[in-house]
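Chain letters run A, B, ... following the sequence lines, proteins first and then strands; every chain starts at 1. All values derive from a computational prediction rather than experimental measurement.
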2 protein chains.
Amino acid sequence: MAVTLKEVAKMAGVSRSAVSRTFTSGASVSEKTRKKVEKAARELGFRPSLIARSLATKRTKLIGLIANNFQNPIFLEVFDLYTQALQKLGLRPLLVNLTNETNLDQSIEMLRQYNVDGVIVATSTLPPYFAKSLKDAQLPVVHVFGRAGIGTDVHVVGVDNFSCGQMAAETLYNYGYRQLAFLGGPETATTTQDRAAGFVKFLQDRGIEPADIRYASAYEYQAGRTAMSELLQAKTVEAVFCGDDLICMGALDEARQSGIKVPEELGLIGFNDLEIAQWSAYDLTTIRQPTRDIIKSSIELIVGLVDEPDRALEARVFPCSVVERGTLKARSAAADT
Amino acid sequence: MAVTLKEVAKMAGVSRSAVSRTFTSGASVSEKTRKKVEKAARELGFRPSLIARSLATKRTKLIGLIANNFQNPIFLEVFDLYTQALQKLGLRPLLVNLTNETNLDQSIEMLRQYNVDGVIVATSTLPPYFAKSLKDAQLPVVHVFGRAGIGTDVHVVGVDNFSCGQMAAETLYNYGYRQLAFLGGPETATTTQDRAAGFVKFLQDRGIEPADIRYASAYEYQAGRTAMSELLQAKTVEAVFCGDDLICMGALDEARQSGIKVPEELGLIGFNDLEIAQWSAYDLTTIRQPTRDIIKSSIELIVGLVDEPDRALEARVFPCSVVERGTLKARSAAADT
DNA sequence: AGTGATTTTGCAACCGGTTGCAAAATTTAT
DNA sequence: ATAAATTTTGCAACCGGTTGCAAAATCACT
């Protein structure tokens with residue numbers, strides 16, 4: 001069916017090894033045989049089988065890409081960046097959907113069976129069992145968008161969510177808001193916990209108690225709406241830091257439908273800077289993480305780990321920034337410093 | 001490193017074939033040896049290498065999943081459904097990003113080298129060159145969301161975009177709108193062409209000339225805004241059929257910012273029923289395609305094709321439906337029939 | 001127990017590449 | 001021209017499974 005080494009070798013009048021060598025970078029072949037082989041290969045339409053090569057070299061050029069959130073558009077961007085960047089390096093992403101925990105074992109099994117060279121986990125929280133299994137399988141792992149901290153046993157590339165929380169609080173504070181609430185994603189997510197902690201810390205350092213700390217059931221629009229609705233009934237606040245833009249948009253729509261004007265009567269700041277955030281219907285002030293840089297770095301890291309699995313554990317932390325748009329407004333009673 | 005057949009065989013005191021057979025469904029092994037082998041395998045933590053198996057069986061269980069649009073959230077849903085459904089069948093998606101045409105050849109190369117069992121192309125338009133290359137490589141191909149029609153040489157699963165265009169026109173017509181415009185995606189996309197044609201046909205059958213036919217430069221929000229802005233300057237229309245929800249949301253925001261009230265002064269109908277379409281800031285009336293069914297069917301088809309590559313060419317067409325929300329309003333001068 | 005039919009088993013070749021090693025060919029130095 | 005050093009080449013084993021085939025084992029039946 002497909003053209004193999006042997007046929008090319010026969011046609012070029014050389015040994016199989018010679019053919020193999022012309023297609024392996026760094027192998028020694030004379031210019032003369034290389035030419036012959038390339039000619040034969042071209043005429044026969046030969047392409048070396050990656051499967052066979054993988055078997056022999058024990059490298060598959062496959063990178064497992066694990067995600068468990070297919071609701072948030074940010075992941076579409078993530079997939080876009082990963083596929084493109086990996087492609088450029090001659091690598092391929094093997095996409096694993098970890099939405100149902102039921103297939104967790106099955107997924108790990110698969111990753112091992114396919115002999116992926118490395119695994120990139122793009123979930124806000126890394127299930128410990130998952131981490132352990134990958135460790136046991138001796139697979140290089142990079143947790144992207146994860147929590148960098150002590151006690152972790154995988155490499156992490158992401159942002160410091162604690163600082164992000166502080167940054168959000170600081171932004172609101174500088175605008176003059178004083179009655180502040182945090183409206184995060186699920187409380188179990190370490191990202192949420194860290195953002196909340198940073199947010200609270202900043203305020204308490206200034207002697208302010210947060211007016212409300214609340215968690216949406218998911219990083220989703222509807223969850224944001226529901227949580228916001230509850231928040232509005234329970235407390236009166238001047239501004240809310242939402243742990244994700246989707247939640248923030250839900251909160252914004254909920255506020256609007258309750259007749260609350262944003263930013264006149266309520267300030268909102270989101271997280272992630274989704275593309276939608278800049279749509280004029282929302283025009284969200286938000287905190288953005290440098291997704292592109294994070295992903296680029298995570299790929300460099302995983303590629304490095306493939307060749308050097310025992311590298312020292314590393315946490316690569318990138319800075320976030322505030323994107324100012326239309327959901328915050330300076331308070332008349334603004335105080336500075 | 002990893003545990004292999006040989007070691008399990010040794011431990012269980014049987015031949016390698018016996019071990020292989022216990023892990024191959026449909027092979028004949030006695031209950032006794034199966035037990036022995038399974039015990040040994042369990043103790044050693046053996047998992048058969050899919051790479052080696054692929055080499056021998058010439059089946060990789062890898063399905064190429066080709067996409068070229070990582071801007072539209074609909075594809076996140078598509079990826080979600082595909083990964084889950086494929087996983088359930090023990091298959092894996094190998095995601096290929098065809099955004100830059102530059103790497104088209106490279107991508108095909110990859111698909112062939114990885115020996116994917118089949119390819120699912122999820123792009124609105126199938127580049128002919130791409131189709132031909134896959135054909136040449138003898139790879140089973142299913143074009144999902146593609147155009148079902150004569151002259152195609154690949155299997156297609158999707159909707160009848162011509163009917164969808166008619167359906168959109170009919171919906172607007174029944175609401176009493178008479179000055180109608182079409183605002184599609186790029187004119188080169190066959191989906192756009194078909195929707196436009198259906199739209200125009202319905203109107204002309206009733207003696208109505210469409211007020212405007214216009215194409216956004218991409219299936220994106222900003223493109224929608226820009227195109228809508230131009231449309232508003234050029235014509236006065238009562239309602240617009242947008243070839244995609246993203247475009248429709250751009251159009252809606254553009255109209256609003258121009259001080260035009262929707263639906264009071266302008267009717268809008270979109271396409272795709274993105275999750276965002278139901279957000280209260282948009283509340284789009286739109287046409288939805290049964291994505292879930294389409295994807296399910298496309299997987300069944302590709303799986304069938306793997307075993308039976310010469311199946312008769314098939315087009316599976318699913319019906320669309322109108323999702324009524326808030327961007328259309330019955331005209332006072334409504335005429336029926 | 002003996003015969004034939006059926007199932008289970010191991011051997012060995014194969015899938016399509018890679019690679020260490022020694023022989024052959026080429027280059028360089030004398 | 002010859003010897004030494006260097007490069008290129010082919011052989012053969014290997015990566016970790018599968019599978020056709022014939023021998024061995026088991027089963028069914030007189």
Side-chain angles (χ1 to χ4, degrees), chain A residues 1-38 40-41 44-62 90 109-110 112-117 137-138, chain B residues 1-38 40-41 44-62 90 109-110 112-117 137-138:
Chain A
M1 185 141 167
V3 185
T4 73
L5 265 189
K6 194 151 45 160
E7 310 171 46
V8 178
K10 175 131 55 96
M11 176 153 183
V14 296
S15 73
R16 284 158 60 221
S17 336
V19 180
S20 170
R21 285 182 180 117
T22 59
F23 285 96
T24 325
S25 59
S28 104
V29 227
S30 70
E31 209 45 39
K32 207 176 358 162
T33 51
R34 151 157 284 138
K35 282 275 182 295
K36 277 193 296 185
V37 170
E38 279 175 350
L44 264 48
F46 166 75
R47 16 199 127 251
S49 152
L50 284 187
I51 301 290
R53 183 184 302 220
S54 297
L55 185 57
T57 61
K58 307 188 162 241
R59 286 283 156 80
T60 54
K61 305 235 165 206
L62 245 29
E109 194 87 343
M110 269 283 179
R112 301 185 56 170
Q113 291 193 339
Y114 271 112
N115 245 291
V116 296
D117 289 345
Q138 308 242 46
Chain B
M1 187 142 170
V3 184
T4 73
L5 267 190
K6 194 152 43 157
E7 311 172 46
V8 178
K10 175 130 55 96
M11 176 152 183
V14 296
S15 73
R16 284 159 61 223
S17 335
V19 180
S20 171
R21 285 182 181 118
T22 58
F23 285 95
T24 325
S25 60
S28 103
V29 227
S30 69
E31 208 46 38
K32 206 176 355 165
T33 51
R34 149 158 284 137
K35 282 276 182 294
K36 279 194 295 185
V37 170
E38 278 174 351
L44 264 46
F46 167 75
R47 9 196 132 254
S49 151
L50 283 187
I51 302 291
R53 177 178 302 197
S54 298
L55 184 56
T57 62
K58 305 187 163 242
R59 286 283 157 79
T60 54
K61 304 236 166 207
L62 244 29
E109 194 87 344
M110 270 283 180
R112 302 187 54 170
Q113 293 193 338
Y114 270 112
N115 246 292
V116 295
D117 289 344
Q138 309 241 47

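Computed from C1' positions of five pairs at each end, the angle between the two local axes of the helix from dA1(C)-dT30(D) to dT30(C)-dA1(D) equals 30°, rounded to 10 degrees.
In this structure Arg34(A) satisfies the salt bridge (charged side-chain N to carboxylate O under 4.0 Å, His left out) test together with Glu38(A), sequence neighbours excluded. In this structure Arg59(A) satisfies the side chain to side chain contact (heavy atoms under 4.5 Å, CB included) test together with Thr57(A), Asp117(A), Val306(A), Asp307(A), sequence neighbours excluded. In this structure, the ring pair (Phe, Tyr, Trp, His ring centres under 6.0 Å) partners of Phe46(B), at least two apart in sequence or on a different chain, are Phe23(B).
Following rounding to the nearest Å, Lys6(A) (NZ) and dG16(C) (C1') show an atom-to-atom distance of 9 Å. Rounded to a whole Å, the CZ atom of Arg53(B) is 13 Å from the C1' atom of dT19(D). dT18(C) atom C1' lies 13 Å from atom CG of Leu50(A), rounded to whole Å. Spacing between atom CZ of Phe46(B) and atom P of dG16(D) amounts to 10 Å, rounded to whole angstrom units. At whole-Å resolution of the value, CD in Gln113(B) and P in dG17(C) are 10 Å apart. Look at CD on Glu7(A): it is 13 Å from C1' on dG17(C), rounded to the nearest Å. Rounded to an integer number of Å, the gap from NZ of Lys35(A) to P of dT8(D) is 14 Å. Atoms CG (Leu55(A)) and C1' (dG16(D)) sit 5 Å apart, rounded to a whole Å.
The stretch residues 19-34 of chain B touches DNA chain D through Ser20(B), Arg21(B), Thr24(B), each having a heavy atom within less than 4.0 Å of the strand.
Residue whose closest nucleotide on DNA chain C sits further toward the 5' end, between Ala56(B) and Ala18(B): Ala18(B).
Annotation for Leu55(A) and Ala52(B): closest pair CD1-CB, 3.8 Å, computed over non-hydrogen atoms. Contact detail for Thr60(A) and Ser54(A): the closest heavy-atom pair is CA-OG, 3.5 Å.
For a distance-only test at 3.5 Å, the side chain of Arg16(B) qualifies as a donor-acceptor partner of the base of dG17(D).
In this model, the phosphate group of dG16(D) is not approached by any side-chain N or O of Thr4(B) to a distance below 4.0 Å at OP1 or OP2.
In this structure, Thr24(B) contributes its side chain and Ala27(B) its backbone to no donor-acceptor pair below 3.5 Å.
Residues Val19(A) and Val14(A) have side chains in contact (heavy-atom distance under 4.5 Å, counting atoms from C-beta outward). Side-chain contact between Val8(B) and Val37(B): present, with at least one pair of heavy atoms (C-beta onward) separated by less than 4.5 Å.
Of the candidates dG10(D), dC15(D), dG17(D), dG10(D) carries the atom nearest the Val14(A) side chain, counting heavy atoms from C-beta on. Set against dG10(D), dT18(C), dG16(D), the side chain of Lys58(A) has dG16(D) as its closest nucleotide.
Sorted by first and then second residue, the salt bridge (Lys or Arg N to Asp or Glu O under 4.0 Å) pairs involving residues 8-32 of chain B (not counting sequence neighbours) are Glu31(B)-Lys35(B).
Nucleic acid contact class of Ser17(B) (heavy atoms, under 4.0 Å, all strands): base.
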